[in-house]
Each structure stands twice: as C-alpha cells, then as structure tokens.
Amino acid sequence: MKLKLPDGSIREFENDLTGKQIAESISKSLGKECLGIIYNGELIDYREKINSDGEIKIITKKDKEALDVLNHSCAHILATAIKHLYPDAEFGFGPSIDEGFYYDIHFTKPISDNDFPAIEKEMAKIVSQSLPFERRDITKEEAKEIFKDQKLKLIHALELEGDLTIYTDGDFTDLCKGPHVPNTSYCKAFKLMSLAGAYFKGDKNNEQLTRIYGTCFFNNADLEEHLKILEERKQSDHKKIGKDLDLFMISDYGPGFPFWLPNGMILKNQLIDFWNKIHYANNYQIIQSPIILSKELWETSGHWDHYKENMYITMIDEREFAIKPMNCPGAILVYKNHQHSYKELPIRVGELGLVHRHEASGALNGLFRVRCFTQDDAHTFIREDQIESEITHLLKLYDEIYSVFGLSYHIELSTRPETGYIGKIETWNKAEDTLKKCLEIANVDYKINPGDGAFYGPKLDFKLLDSLGRIWQCGTIQLDMQLPGRFDCTYIDEKGEKQTPLMIHRAIFGSLERFTGILIEHFKGNFPTWLAPLQVKILPVRNDLHLDYASKVCKLLKENNIRAEVDDSNEKLGKKLQLAISKKVPYSLVIGDKEVETNSVTYRVFGSSNQINISLNDFVKLIQDDITSKKISRN
C-alpha cells in the first residue's frame, strides 16, 4: 500500500501494518513516541491495522490531537476507579472533549464533588501501576457475555453494526473504538472538575446519569497553567460582565429569552451593521422571512420528523403552525418565488432571522444557550460545477470576518449521522468527498468529526479559539443535496431544461446572542472601540469651570458619530475616572483649565495610566481612525 506523509512524500508499506509499525519503519524514535495516527483525516488508534492507500500522520505528544488520546484514556481510568469504589455503578459513555473528558455513570446512590478526592486517589493508584490499554475485536455474542451486568453498554453494543472493539486496563473493560495511550502511566497530571446530569444518549426519555468532568495533561505544569486559565475565565463570565456593563438581562418571565438592554443593543447593532456591509459587498441579497410557518412546510423540509421536539407549536385557524427553529425553509420559498436561469447562479440569500428552539431548562446559560436567538444565516443556491468556487469563496469570507475579532480557528468536517439522515448514502459520500476536496484545494487543515453532520448533509464546523484558550463552535458551512429537491427547486439550464440546484447553508456568527457572549468573555468587556457601547467618557475637573467646554467636546464627538457622554456629577475627578474604568470605556477625557484654554483634551486609554494631551481635532481624527480600522487594541 502507498501512504502519503505530511511532508507530501509517498512511501510504500506492506499491507496490514499497525500505525505503530508504520511509525517504527519511518524511524525508531517515531515508533517510540507514537500515540495515535490520523488516517485519511480520522484520528485512530496506533494499534489498528492499515491495509489500503491513503494519507497518514503519526501523532506524538507535540501534536494537539495527542491530548484527545490522553483524555480519552483518562476517562477510562476514571471509570476503572469508579468500578473499584462503586461496584454497582453502570457506565454510559466516556469520550474526550475540548479541554478534557467526561464519563456518564449511573450510581445507585448520589455522589457529589466531595467524593472527588477519594476517586482521584484511586485513579492515581491505577496510573502508578502503568496498566496497559489492551485492544481486542469482539463479536456481538461476546459482547453479550462481557457486558451482561452493564445494561447501558449492552444496549449500545447491540445497536452498532458489525464487529465491536473493547479496551481493557486492569480489571475494567470498556466498549470503545479508541484511540488510547499505551498505558495508564501517561495520565499522571489529571483533575476531576465538576458534576452534571445527563440523559443516556442525550435522550430525555432515557434515564438520567451523573456526568463527571475531568481534564488531563502530559505534565503538571500544563495542568496548573490550565487551572489558572479556568480561574481567569470565572472572572470573565459574560453573565457577570453583561450585568456590570448593562448589556442584557434574563427574566423569570421568560427563561432562555434574553432582553437586550440599551448598551447591549448598541453592541448588537454594531455587529449587525458590520454583517450587513460585508454581505452586501459579497453580493448577498438580504431578506426576512416570517417567524411562524405552517406544519406542512416543516414536513416538507423534514424538520417535523427530525426536530419537532425542539419546536414551539401553535394552532391558527384550526391548522398547526410552528415558530421557526431554522431559517432555511423560508429562504427556499424566497428562491421559489421566481424561476431562475443557470446564468443567475450562485444566488446568495442572507437573513438575520429570529429563531426559537425548545432547549432544556437545565441547559440554559446566559447568552450561550438560549431559546430565542438571531441566526446569521445565508443560503446559497448553486450549480454542481460551482461547489468548489463557492466553498473557496466562503472560506476566505470566514477568515476575513474572524480576523476582525482576533479569533483563530480550525475546521472539522462533520460526516453522515449513523441514523436519522435523509437521502441516499451515495449522495452523502459524494457531498463529503466534495467538501474534502475544497479544503485540500484551499490548503486548509481539518479533521474529521464522524457522524455529526446535519440530517440533510455534511458540514464544515468552524471551531474558534478565544483569548482564554477555549474552543467555540460558531460558524458552519453545510452542503445540502437534499432539501432543494424536496421543495422542487429548479433553474433552467443552458439547454432550456429544468435542473435542481444544490444549496449551501451557512452561518458565520452562529447566533448573535452566543457570539456576543463569546466576545464579552474574549475581550473581558474591554471591547474594541468600534464595538464599545460608550466610546468616550468626558470628565470635567470642576463643573462650574469646565462643564461648558466638556459639553462642547461631547457635541463635536457626537456630530462625528462617536458615542460619548459627559459625567456632570459632583463627584471628584478620581471617582469619575474610577467609574469610567469600571465600565471599561475605551477613552476617558479629562477637561481642566489647560484643556479649556488650549482647545485640547487629555485622554487616557482604558488599561493604561498614561495621560496624553492633544488638540480636540486631532483626538477626533485619532478615534475615528480607531473606529474605522476596527483595531483590536488601542495605543
């Protein structure tokens, strides 16, 4: 078999070699360091055998994917410790996640985080024993015997197709695809973090389990640094900052339905204005579709069968209607309003649509998880021969927008779900291959997220990295080869015949609410000047001597579309300045005798103690440049 290595070289290997054997054949040191492999974009265990051509990357500690392998292994160590301490426990799922792992477990008696020290002590004992993670393929009949006392594992085993894989460390055996580190000693630097409730398989009709979250690193220094970052995040909580800066509120009269306060509306409208300008520049047509549409529409789209439990249903004139959870059917109806020629495509339809989804009350979290939000959707109707050019165009657009906020990202290709999808597998395979090709042409790194596609098509998920080291799922590009046909969408080709277009679903912010919450924490409330609700606070030293000039300065700034206000309270200057700092106002202007006499201002940038005196006109130019250029930081 021929395998392409990361440096672009192609080497020939014997068939049926494990990932570790391939690594050893490249170099002995690489074989020793190998913790997993990425084969054709998918992270798999180094113990698995490879027998066909493809692309391969050997994963070592220096690769970010190694932490996924490590944390997945630590989840098994947690389960092993739980089995020792709570013999009656039943185990659900224990995957790695961003920044750690969790395991869903059914306990006969409730546990709390007070039990963590004892569990961690048992985990440390297992780690010290350097128990190997042993992989074995089994049949379903064998699974019935192995998991006869673990009903949750057995339920899952019997639902899977084909032979199964198990891993054993010590006296604990888990149903698992891997990958895992060689032995338990790799997981020395770990910590259990928190508890939560979770339904088995995420289905509220199933029993509720206890989810234990934890995290693991290759060394204690990295673990301590991570814990320090977590503490910093607590201080950056968007709910706290949102209250301090009067951005938004949540009322008991509407759980999950945020209220935008005046300052928050300024922030939101700045994002909307930015979104509109960049979309007009990229030839999008902006629309607005109704919030409530009939059951028949959602049956045609497939949402009634696949998403009804998350939809709000109402009766109008003895007909069932639903408040929209998605904008795509509305965009399709707009497309169908006219007959289109192949020459018109691509047709890009954008909408800042208000959608509602019935989220579980326990999952609600400030602006991060709400029941009502504005989704920055766009739906592009294209010919098949336009897929590559349109996806390439979108990749550039996403990069342009995220860079404005200083947000780096990586991309995951989410493939066909195991169940619940619509359309033929051949169509799905073609769509997935097309997205892979587009990413490779654009020279964009990506990883595979198996089974996490939408029910109507595969997608590219954009995972943003914020200033606090967290990963956020925001943007998505979904290639849909299903819905246009279900709605009988057509265009007239060059032969005068009707053809069905393809459709790209796409969101960049994801939702304005969630993206705003991310920005609040990313900037810790210290927004770039163009986003800040209040950009300039003007502080007269003495109202009787300096208020008139301060008011003149404020008037000039407002005439130049700069958001400014005067603090005309009777507080001393130091108190006024502290208040401006507490509200994270980008620029504070001190107005005293010198400023009045010289028609100048003395400004102080948030986060700095330096005071700079310049002419009033020069300050206007300075802040206008700050706003226009959308600078992330100020001098």
Side-chain angles (χ1 to χ4, degrees), residues 232-251 254-279 327 350-357 359 363-378 398 400-409 461-476 506-535 563 583-586 606 627 630-633:
E232 186 181 350
R233 290 176 187 173
K234 289 181 182 178
Q235 304 305 315
S236 303
D237 187 288
H238 79 285
K239 297 185 289 296
K240 177 183 181 299
I241 294 175
K243 182 177 181 180
D244 292 342
L245 302 186
D246 294 317
L247 300 176
F248 70 94
M249 58 172 271
I250 305 291
S251 168
F257 300 94
F259 288 68
W260 289 99
L261 302 176
N263 284 343
M265 278 304 298
I266 294 172
L267 176 57
K268 181 179 181 182
N269 284 332
Q270 291 303 308
L271 289 172
I272 290 173
D273 184 56
F274 170 64
W275 188 93
N276 279 324
K277 286 179 179 177
I278 205 163
H279 281 74
N327 295 310
E351 177 177 13
L352 290 166
L354 189 66
V355 300
H356 292 70
R357 298 179 184 178
E359 300 284 356
L364 300 177
N365 178 15
L367 296 179
F368 288 159
R369 184 61 69 89
V370 293
R371 289 170 168 165
C372 168
F373 57 92
T374 303
Q375 197 163 36
D376 69 313
D377 265 334
Y398 278 56
E400 177 185 352
I401 290 177
Y402 291 148
S403 66
V404 169
F405 302 98
L407 293 164
S408 59
Y409 62 90
D461 290 325
F462 289 73
K463 307 284 188 172
L464 305 187
L465 178 67
D466 70 8
S467 64
L468 296 171
R470 292 168 303 181
I471 302 293
W472 299 96
Q473 163 65 61
C474 288
T476 184
R506 184 253 60 183
I508 299 178
F509 294 153
S511 87
L512 281 178
E513 284 71 11
R514 189 163 181 265
F515 193 74
T516 299
I518 292 169
L519 291 183
I520 291 171
E521 298 197 2
H522 176 60
F523 291 115
K524 304 179 183 65
N526 179 22
F527 299 110
T529 307
W530 72 278
L531 278 177
L534 181 63
Q535 295 164 327
R563 297 185 288 278
K583 295 297 183 181
K584 303 180 187 290
V585 181
F606 177 81
I627 293 168
K630 293 183 169 57
K631 293 178 182 176
I632 295 175
S633 59

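Across every non-hydrogen atom of H356 and C372, the tightest pair is NE2-SG, 3.5 Å. Closest of all the heavy-atom pairs between P586 and L534 is CD-O, 3.1 Å. Closest heavy-atom contact between I250 and G366: CD1-O, 4.3 Å. Nearest heavy-atom pair across S251 and F259 is CB-CE1, 3.7 Å.
With sequence neighbours excluded, the residues that form a side chain to side chain contact (heavy atoms under 4.5 Å, CB included) with I241 are L245, I520. Residues satisfying the side chain to side chain contact (heavy atoms under 4.5 Å, CB included) criterion with R470, sequence neighbours excluded, are E99, R233, D466, L468, W472, E521.
Residues L465 and L407 form no side-chain contact, since every pair of their non-hydrogen atoms from C-beta on lies 4.5 Å or further apart. Between N365 and K239 there is a side-chain heavy-atom pair separated by less than 4.5 Å. Side-chain contact between I632 and F523 is present, with at least one heavy-atom pair separated by less than 4.5 Å. Here the side chains of K268 and E513 are in contact, with some heavy-atom distance below 4.5 Å. Looking only at side-chain heavy atoms (C-beta outward), Y409 and C474 stay at 4.5 Å or farther from each other. Between P533 and K583, every side-chain heavy-atom pair lies at or beyond the 4.5 Å cut-off. In this structure, the side chains of F373 and F509 stay at 4.5 Å or more apart for every pair of heavy atoms. Residues H522 and L464 fail the side-chain proximity criterion, which asks for heavy atoms closer than 4.5 Å.
Separating the NZ atom in K524 from the CD atom in E232 is a distance of 4.5 Å, to the nearest 0.5 Å. Summarising the geometry, atom OG belonging to S511 is positioned 8.0 Å from atom CD1 belonging to I518; distances are rounded to the nearest 0.5 Å. Atom CG of L519 sits about 10.0 Å away from atom OG of S467, to the nearest 0.5 Å. The structure places CZ of F462 at 10.0 Å from CZ of R506, a figure rounded to the nearest 0.5 Å. Between atom CD of residue Q535 and atom CH2 of residue W530 there is a gap of 11.0 Å, rounded to the nearest 0.5 Å. Taking NE2 from H279 and CZ from F274, the interatomic distance works out to 9.5 Å, rounded to the nearest 0.5 Å.
A donor-acceptor pair is defined here as one N or O able to donate and one able to accept, closer than 3.5 Å; no such pair exists between the side chain of Q270 and the backbone of L531. Of the possible donor and acceptor atoms, one in the side chain of Q473 sits under 3.5 Å from a partner among the backbone N and O of G475. No donor-acceptor pair under 3.5 Å is formed between the side chain of D376 and the backbone N or O of L352.
Of the listed residues (R514, R371, R369), just one forms a salt bridge (charged side-chain N to carboxylate O under 4.0 Å, His left out) with E359, and that residue is R369. Each of L247, L267, T374, T516 was evaluated against W260; a single residue qualifies, T516, per the side-chain contact (heavy atoms from CB on, under 4.5 Å) test.
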Quick one: do N327 and V355 satisfy side-chain contact (heavy atoms from CB on, under 4.5 Å)? Show the steps, please.
CA-CA 7 Å; N327 295 310; V355 300; 3.5 Å; yes
Determine, step by step, whether I508 and Y402 satisfy the side-chain contact (heavy atoms from CB on, under 4.5 Å) criterion, reporting the C-alpha distance in whole Å, the side-chain angles of both residues, the deciding distance to 0.1 Å, and the verdict.
CA-CA 9 Å; I508 299 178; Y402 291 148; 3.8 Å; yes
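Ring-plane geometry between F405 and F515 is classed as perpendicular, the angle between the planes exceeding 60 degrees on a 0 to 90 degree scale with a lower cut at 30.
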